[in-house]
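Some notes on the structure that comes next.
Heads up: numbering here begins at 1 and tracks the sequence. Here the structure is a predicted model, which is why all the values come from computation and not from measurement. Read the numbers this way: they start at 1 and go in the same order the structure lists the ligands and their atoms.
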Amino acid sequence: MAIVVQKYGGTSVGTLEKIKNVARRVGKVKDEGHDVVVVLSAMAGETDRLIDMAHDLVPEPDPREMDMLVSTGEQVSVSLFCLAAQGLGYKARSLLGYQAGIQTSRLHTKARIKDIDATRLRQELAQGQIVAVAGFQGLDRFGDITTLGRGGSDTTAVALAAALGAEVCEIYTDVPGVFTTDPGVCPEARKMDYISYDEMLEMASLGAKVLDIRSVALAKQFQVPIHVRSTFEDTEGTMVVNEEKIAEKLMVSGVAYNKNEARITVRGLPDQPGVAAKLFTPVAEAGIVVDMIIQNTSADGLTDMTFTVPKVDFTQAMNLVTELATGLGAADVLGQTDVAKVSVIGVGMHTHAGVATRMFNALAQENINIDLISTSEIKVSCLINEKYTELAVRTLHKAFELDRDAPPREETL
Ligand code: ADP
Ligand code: ASP
Ligand code: MG
């Protein structure tokens, strides 16, 4: 008998019929004699609906009230699930984040899990209950409800799996696993049997929303294997594990895209020591995460600085940077929001020179202009015009032969 933690996403619990299907699936695992903890998301579209209502009332809703509001979505799912499971004859009990002992930081709408007191959870399991925990939420030390940020139910599930010492954390979703790229954009995308924590971290940070990045970081830290699989098919999915467990390392294992960034360019900045620090320190202090940065030097002692910020922070960043740039004597500041970042990822890359060249050539052949480039040991990213995102993803997927049975291995490019 083992403790099994399963998480079902919004599309898996989108209707009452789907909730019944989840209850039947969970019931089977219980019948096999396991203790089951089920983490549920809000029903499909519900979190968006709640957020939209708040924005219809005020342009910048108070984060504490937002958490109070959006956490209700998961409360509905867990109670309906327990009713469905009870209807099938099982003992089932729902717990909100705080009842499951999930303590978080205070940062409303993007809180972090600090600790889990699993006493109550263990008691309920000991009494033979299937325990359904509301994903994405917790309680801060002042007794206020917090949420973990969009996609946060994955993190709840992995954190509970770690706290309970579960052998595996199963993430059930609307696709059969982690693919070489978003199967919704590229029909040739192939399911991977294994992916390393590090590659999955890169894929998630570069836009692949199949797993929330914080859940992968937590899984790596506590060595929880994640199994991503389909709610609607009975197939093996993708195991997210340590790199050593993966026999064949591909040069490039995936392509990701992110449409949630915007570009800012400061033109004609004096090219002097300390200018970058003066520009970026106040941006960082405002909690805005700057991603890609590029600086050009020109002969006349002036320089241009271009960087990207999350789209949600664009207006605030533009205001801040315009004020700073004017103070520093820059010529002007330009902003662009219709941009997207496309990336190729692979732990087998080691040197990115060959990969970068192949990437640039593939994009050039489709006449897609590259605005910015950034590289790391296991990824190359390019910023392009948003309207070419899907074309770029499909082009890169083909260029790296990810649609083939035997794509290039380590160092073979
Ligand atoms: P859930 O509601 O179950 O949490 P999400 O919508 O958050 O599901 O994540 C699943 C979606 O992630 C898929 O429907 C797919 O479109 C998208 N996705 C993006 N990149 C990938 C990838 N590399 N592999 C699988 N799915 C991906
Ligand atoms: N319901 C939340 C969201 O839509 C959390 C989650 O589904 O993981 O982001
Ligand atoms: Mg999700």
May I ask whether Glu74 has any heavy atom positioned less than 4.0 angstrom from an atom of ligand 2?
yes

With a 3.5 Å cut-off and no angle check, do the side chains of Tyr388 and Glu386 form a donor-acceptor pair?
no

According to the interplanar angle, ranging from 0 to 90°, do the rings of Phe307 and Phe280 count as parallel (below 30°), tilted (30 to 60°) or perpendicular (above 60°)?
perpendicular

Which atoms from ligand 1 have a heavy atom of Val178 less than 4.0 Å away?
24 (N)

Distance alone, cut at 3.5 Å: any donor-acceptor contact between the side chains of Tyr90 and Asp31?
yes

Measure the distance from atom 5 (C) of ligand 2 to every protein heavy atom, then report the residue, atom name and distance (to 0.1 Å) of the closest one.
Phe136 CG, 3.5 Å

Between Ser253 and Glu199, is any side-chain donor less than 3.5 angstrom from a side-chain acceptor?
yes

Consider ligand 2: state whether an atom of it lies below 4.0 angstrom from any non-hydrogen atom of Gly152.
yes

Using a strict cut-off of 4.0 Å, indicate which atoms of ligand 1 neighbour a heavy atom of Ala208.
20 (N)

Less than 3.5 Å between some nitrogen or oxygen of Lys7 and one of ligand 2, yes or no?
no

Give a yes/no on ligand 1: does Pro183 have at least one heavy atom closer than 4.0 angstrom to it?
yes

Under a plain distance cut-off of 3.5 Å, with no hydrogens placed, do Thr180 and His397 share a side-chain donor-acceptor pair?
yes

The protein heavy atom nearest to atom 4 (O) of ligand 2 is Arg150 NH2, 3.0 Å

Note the single closest protein heavy atom to atom 7 (O) of ligand 2, along with its residue, its atom name and the distance in Å.
Ser41 OG, 2.9 Å

Between Thr146 and Asp67, do the side chains contain an N or O donor and an N or O acceptor separated by less than 3.5 Å?
no

From the candidates Thr173, Leu206, Thr238, the one that places a heavy atom nearest atom 8 (O) of ligand 1:
Thr173

Any donor-acceptor pair under 3.5 Å linking the side-chain atoms of Ser215 with those of Thr155?
no

Side-chain donor-acceptor pair under 3.5 Å between Asn242 and Tyr197, yes or no?
no

Could an N or O of ligand 2 be found under 3.5 Å from any N or O of Asp154, whether backbone or side chain?
no

Does any donor atom in the side chain of Ser196 or Glu243 lie under 3.5 Å from an acceptor atom in the other side chain?
no

Give yes or no for whether the N/O distance cutoff of 3.5 Å, strictly under, is met between Ser12 and ligand 1.
no

Residue Gly10 vicinity, atoms of ligand 1 by number, heavy atom under 4.0 Å
2 (O)

Tell me whether ligand 2 is touched by Gly151 - counting only heavy atoms on the residue side and a distance under 4.0 Å.
yes

